[in-house]
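Notes to accompany the following structure.
We name chains A, B, ... by the order of the sequence lines, and we start the count at 1 in each one. Excluded from the calculations below are hydrogen atoms, water molecules and symmetry mates; all remaining heavy atoms, backbone and side chain alike, are included.
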2 protein chains.
Amino acid sequence: MEAPANDGGASISTLGYALLGVLARGPRSAPELVAALANPVGFFWNALHTQIYPELVRLERAGLVTHELLAPRGRRSTKRYAATEAGRAALAAWASAPVPMDPDRSRFMLKVYSLWLAEPPAAAHLLREHERLHAERLATYEAIEAEMRRSGAAEEPVTSPRFAAYATLRRGIGYEREYVAWCRWLAERFEAAAGG
Amino acid sequence: MEAPANDGGASISTLGYALLGVLARGPRSAPELVAALANPVGFFWNALHTQIYPELVRLERAGLVTHELLAPRGRRSTKRYAATEAGRAALAAWASAPVPMDPDRSRFMLKVYSLWLAEPPAAAHLLREHERLHAERLATYEAIEAEMRRSGAAEEPVTSPRFAAYATLRRGIGYEREYVAWCRWLAERFEAAAGG
DNA sequence: TCCCTCATGTAAAAGGTTACATGATTTA
DNA sequence: TAAATCATGTAACCTTTTACATGAGGGA
């Protein structure tokens, strides 16, 4: 039951699956793909256009996507990409194949590990600033969730792309909520040490 | 109040700060550093020996660490590294300097975004397996926390390296707890779709 | 017309993983 | 003594970021 893709043995990078993941939901122009990956796909993968353009070429050579030229009136023509059957098949196979755990890397947490060397007020300030950034993102995610719920994405079947987006959003919300709470807890400890 | 490091303008990589973060707690042999970074430092940064050895050379050239040769009886000699005053100063400055948010990247979450294409039983299996991995790690972290609490790390002042390690561990626990709960929630949805 | 932005790239550098190498020591 | 392991690297490769480039359109 092999897909008839002529991939010549080229393996697909994670970015390739990110792009296929968007294109599996419908055709997109290159600028739309660039915009989609500027804010992380599924809330957990992003990329810049400098990486996206060459990857699209590779995916097309592997027979996983195709493109056509669009000529919107009065504007420059852009490329509109679409996943091929082989592309969808490759994506589906990849999606349910086992993965090793993601490495948990965070420059910020690495700083915290050495924050005992800093002046407590400076440390508290750093933590409050980080709390603010994550609280902002949490608010954004919660607004998206409200919108998704209103449109019924939460109740769609697990075979629906909108439910998948909702599921990843739920993880993003849980992640940010926990992060904000933790920042607050630690900031309070440093503030108590500084001001107490 | 400049540190007199002769770094020749060479900037320190994140890995460099990870190594300094360990060495700020006391001298370590190269194999000890390799072991320390095999399991992530502060639970959120890891590296392999192939990256560590060259980085130690760079840090030493920048005057941030020094080494001496140890000749344990009957064993090969190994290098014992220590942070210099300049190294500690650079680490302290870096630790409280503001950072942009870490990119939240997860191959697994990217899969979930495309999991609507998979067979629900296969998707459920993938999620249960992931839940198991994170539950295992959570259990490990909770055991470490119990040990830390018993030894009083949680009550030490914020200027203590042991409290810093405890703080990062708290974040690791919150992260894993939330992750496990989310995996369970989504696995149930796929199982209901498969078995119901 | 001049400038700015957009769509589309290329190139170099930085960060990280995988594969390979080697002499010393320890274990079977 | 042969085989496995350890400490210490080097080299190639892959991924991602940063810097640079360029022609087409639209706006001032």
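A salt bridge is absent between B:Glu32 and B:Lys79: the closest approach of a Lys/Arg side-chain nitrogen to an acidic carboxylate oxygen does not fall below 4.0 angstrom. For A:Arg105 and B:Asp104, the salt-bridge test fails: no basic side-chain N is under 4.0 Å from an acidic carboxylate O. With salt bridges taken as basic N to acidic carboxylate O contacts below 4.0 Å, one links B:Arg177 and B:Glu142. Look at A:Glu136 and A:Arg132 and you find a salt bridge, because one of the NZ, NE, NH1 or NH2 atoms lies within 4.0 Å of a carboxylate O, short of that distance. Residues B:Arg128 and B:Glu191 are paired through a salt bridge, judged by an N-O separation under 4.0 Å between the basic side chain and the carboxylate.
The stretch residues 23-49 of chain B touches DNA chain C through B:Trp45, B:Leu48, each having a heavy atom under 4.0 angstrom from the strand.
Looking at the side chain of A:Leu15, the nearest of the listed nucleotides C:dG16, C:dA7, D:dT16 is D:dT16. The listed nucleotides are D:dA7, C:dG16, C:dT8; the one nearest the side chain of A:Thr78 is C:dT8.
Distance CG (B:Leu69) to P (D:dA7): 14 Å, rounded to an integer number of Å. When rounded to the nearest whole Å, the span between CD of A:Gln51 and C1' of C:dT8 equals 16 Å. The distance from atom OH of B:Tyr17 to atom C1' of C:dA14 is 15 Å, rounded to the nearest whole Å. In this entry the distance linking OH of B:Tyr53 with C1' of D:dA11 reads 17 Å, nearest Å.
Both tests do not hold together for A:Arg184 against A:Tyr179: distance to the six-membered ring centre under 6.0 Å, angle to the ring axis within 45°.
Positionally, the nearest nucleotide of DNA chain D for B:Val57 lies more toward the 5' end than for the other of B:Arg105 and B:Val57.
Using a 4.0 Å heavy-atom distance criterion, A:Thr50 is classed as a base contact.
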